[in-house]
Amino acid sequence: EEIYQNISKTAIYADALGESYYRLSHLFRETKELAKAVIALKRCVVVRRALWEQASESPEYGTDLGKSYNQLGLVLRSLDDPDQAIDAYTKAIVVHRQVYGLFPQWHDNTLSLGGAMINSANTLRTRGEYATANELYSTAIDLLNELVDVADSRITTRAKLFGRNGYMGRAAVAEIRNQFADAIVDLEAAFELDASKYRYSLMSRLIAAKLKLGDYRSAAASCEGVSKDKNSPSYLLQSCVMYLDNVIVEVADDVSVEEQKRQRLRSTYSELAVEILGQLQSRDYYENSRSVTYLLTSPSFATLSTTQE
């Protein structure tokens, strides 16, 4: 019993030391002293790795070790060292997978595993390693989807945030590969998971992907939805006007559609664009932007003027 108590005390001290190094690294990151943050995290890893090896019956120790490697990867990437960053992410993934295999219901670890995979995939994507990045994104998304309905609201909130990032990353790979149908599916999934103001940026990206796919009607329908949302930011409304102008030009050039129907569609989209421009005007958006000049040259405004003459 005395030996057990000594081991327990040692574990408590080691855990506290590891946590101290971990918090110190955050302070160094806040002060932009990234080289010092790397040193603190490497010391943290040494302590937490020894602790996990000695107390593998405690999932929190393995989870903390994985988090330390993940943070090390983030700092190394900030230092523009992608090779070392990927190495740190890989070690984080290995540790988190060990914990997941032993304690699949330890949700904090599953969350961290998904986060490390997405961080690694993001770095791989910037290096052009799309296939490997996609595999990691997909695995992370599947893991995080397991957590969106658990009882712990802290876990579900972060799982949705991480899941959104996973879908966005995989959509980015699809866009690079000109696979816009796949990108749209992932962007829509990301949009559904995001309850923050950032979702409006996702909507802009989603409409752009629809245009690149050639799905003009769907793009216009999305713009109409934006116009009906009273919380839509002005920059998104302005983007929708430009998107609708693109739709109008494309519809005009689409010889597969009869002329009368083309004219009707152009008129409908033009009315929507001008309606949105009116919303921007009511917000005094024109005074602080180039929207007045844009309005005068807008295909939607020209089309509407022509149809009303």
Please table the atom pairs, donor to acceptor, closer than 3.5 Å between any side-chain atom in residues 213-225 and protein atoms at least two apart or in another chain.
unit_1, atom_1, unit_2, atom_2, d
D215, OD1, S218, N, 3.3
Y216, OH, E250, OE1, 3.3
S218, OG, K210, NZ, 3.1
S222, OG, K210, NZ, 2.7
S222, OG, S218, O, 3.2

Are [X] and [Y] connected in the hydrophobic side-chain network, where two residues link if heavy atoms are under 4.5 Å apart?
X    : Y    : value
L34  : L72  : yes
V150 : L111 : yes
V95  : V75  : no
V226 : L277 : yes
Y130 : F180 : no

| task | With ring pair (Phe, Tyr, Trp, His ring centres under 6.0 Å) as the test, would you mind laying out the steps for Y100 and H96 before giving the verdict? | result | CA-CA 6 Å; Y100 184 77; H96 284 308; over 10 Å; no

| Derivation of the side chain to side chain contact (heavy atoms under 4.5 Å, CB included) call for I207 and M203 | CA-CA 6 Å; I207 297 171; M203 176 54 69; 3.9 Å; yes

Nearest 0.5 angstrom please: [X] [atom1] to [Y] [atom2], how far?
X    : Y    : atom1 : atom2 : answer
R77  : S120 : CZ    : OG    : 9.5 Å
S234 : I276 : OG    : CD1   : 11.5 Å
R170 : L136 : CZ    : CG    : 12.0 Å
I184 : R205 : CD1   : CZ    : 11.5 Å
Q279 : S227 : CD    : OG    : 5.5 Å
M168 : L202 : CE    : CG    : 5.0 Å

Less than 4.5 Å apart, side chain to side chain, heavy atoms only: is that true for [X] and [Y]?
X    : Y    : value
M117 : I93  : yes
Y167 : E188 : no
R158 : R154 : yes
L244 : L272 : yes
L187 : E175 : yes
V247 : V251 : yes
R199 : R164 : no
V94  : R97  : no

| query | Under 3.5 Å, is there a donor-acceptor pair between the Y200 and D229 side chains? | reply | yes

| said: For S201 and Y235, which I'm curious about, is there any donor-acceptor pair between the side chains at under 3.5 Å? | reply: yes

At their closest point, which heavy atom of [X] faces which heavy atom of [Y], and how far apart are they?
X    : Y    : answer
V148 : N145 : CG2-O, 3.3 Å
A140 : I118 : CB-CG1, 3.7 Å
L237 : S232 : CD1-O, 4.2 Å
N70  : A116 : OD1-CA, 3.5 Å
L102 : S56  : CD1-O, 4.4 Å
Y137 : R125 : OH-NH1, 2.7 Å

Inspect the surroundings of [atom1] in [X] and state if more than 12 heavy atoms from other residues, nucleotides or ligands are less than 6.0 Å away.
X    : atom1 : answer
E135 : CD    : no
R43  : CZ    : no
K160 : NZ    : no
Q260 : CD    : no
R23  : CZ    : no

| request: Before giving the answer on side chain to side chain contact (heavy atoms under 4.5 Å, CB included), spell out for L41 and Y21 the whole-Å C-alpha distance, their side-chain angles and the decisive distance to 0.1 Å. | output: CA-CA 6 Å; L41 283 167; Y21 280 129; over 6 Å; no

| field | Evaluation steps, side chain to side chain contact (heavy atoms under 4.5 Å, CB included), between Y89 and L74 | value | CA-CA 8 Å; Y89 292 139; L74 290 171; 3.3 Å; yes

| query | So, does T156 use its side chain to make a donor-acceptor pair with the main chain of S153 at under 3.5 Å? | reply | yes

| With no hydrogens and no angle check, is any side-chain donor or acceptor of S196 less than 3.5 Å from a backbone partner on Y198? | yes

| query | Would you call R262 and E259 a salt bridge, taking side-chain N to carboxylate O under 4.0 Å as the test? | reply | yes

| field | Salt bridge present between R127 and D83 (N-O < 4.0 angstrom) | value | yes

| field | Residue that, paired with S68, satisfies side-chain hydrogen bond (donor to acceptor under 3.5 Å, both in side chains) out of R48, R49, K91, K42 | value | R48

| request: Given side chain to side chain contact (heavy atoms under 4.5 Å, CB included), test V173 with D182 step by step and report yes or no. | output: CA-CA 10 Å; V173 173; D182 292 336; over 6 Å; no

| query | Under the side-chain hydrogen bond (donor to acceptor under 3.5 Å, both in side chains) criterion, do S204 and Y243 qualify, and how do the steps go? | reply | CA-CA 9 Å; S204 180; Y243 291 145; 3.0 Å; yes

